[in-house]
Participant: 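First, the structure itself, so that you have it in front of you.
Since the structure is predicted, the reported quantities are computational estimates derived from the model, not experimental observations.
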Amino acid sequence: MQSNKTIKLNGNYDSTDRKVELYEEMRVMLEEAGSRCTPLDSVIVISGVLNDIAKEHVELQNLSLKWRGLLESSSSVRHLSLQRKRKEG
């Protein structure tokens, strides 16, 4: 009976450690993104880090895909903007 309690406690402990680790990874991600000079650079950081985190935290895969989509659309808009500037210049 006591061994079941130990297993349950260890299971909760592992879950708590996992949440703490995720929190720390996301905190660092936001600090890094906040230190970037442009919004696009911030999106690049967030997208890349979320992609890495989502490999171990499957619950974040959908969020990672959304940020990747945002990055792709931001890159496309930036590319079109640069093309227009070259044509004008």
Participant: Less than 4.0 Å between a side-chain N and a carboxylate O, is that true for Glu31 and Arg27?
Facilitator: yes
Participant: Taking it one step at a time, do Glu21 and Glu56 satisfy side-chain contact (heavy atoms from CB on, under 4.5 Å)?
Facilitator: CA-CA 11 Å; Glu21 179 183 304; Glu56 294 184 27; 3.8 Å; yes
Participant: I'd like to check Glu25 versus Val49 (side-chain heavy atoms, cut-off strictly below 4.5 Å). Are they in contact?
Facilitator: no
Participant: For the atom pair OG1 (Thr38) and CZ (Arg36), what is the distance rounded to the nearest 0.5 Å?
Facilitator: 9.5 Å
Participant: Donor-acceptor check, side chain of Ser47 to backbone of Ile44, threshold 3.5 angstrom: yes or no?
Facilitator: no
Participant: As an exercise, state the distance from CG of Leu60 to CG of Asp52, rounded to the nearest 0.5 Å.
Facilitator: 12.0 Å
Participant: Does a side-chain heavy-atom distance below 4.5 Å link Lys66 with Asn62?
Facilitator: yes
Participant: Check this for me: does any side-chain nitrogen of one of Glu24 and Arg18 sit under 4.0 Å from a carboxylate oxygen of the other?
Facilitator: no
Participant: Can you name the closest pair of heavy atoms from Ala54 and Ser64 and give their distance?
Facilitator: CB-CB, 4.0 Å
Participant: Is there a side-chain contact (heavy atoms from CB on, under 4.5 Å) between Val43 and Glu72 once you walk through the steps?
Facilitator: CA-CA 10 Å; Val43 169; Glu72 290 169 0; over 6 Å; no
Participant: Is any side-chain heavy atom of Asn51 less than 4.5 Å from a side-chain heavy atom of Leu65?
Facilitator: no
Participant: Are Leu50 and Val28 in one and the same hydrophobic cluster, where Ile, Leu, Val, Met, Phe, Trp and Tyr link if side-chain heavy atoms are under 4.5 Å apart?
Facilitator: no
Participant: For the atom pair CD1 (Ile53) and CG (Leu22), what is the distance rounded to the nearest 0.5 Å?
Facilitator: 6.0 Å
Participant: Apply the test side-chain contact (heavy atoms from CB on, under 4.5 Å) to residues Leu71 and Ile46: give CA-CA distance (whole Å), side-chain angles for both, the deciding distance (0.1 Å), then the verdict.
Facilitator: CA-CA 9 Å; Leu71 174 60; Ile46 293 171; over 6 Å; no
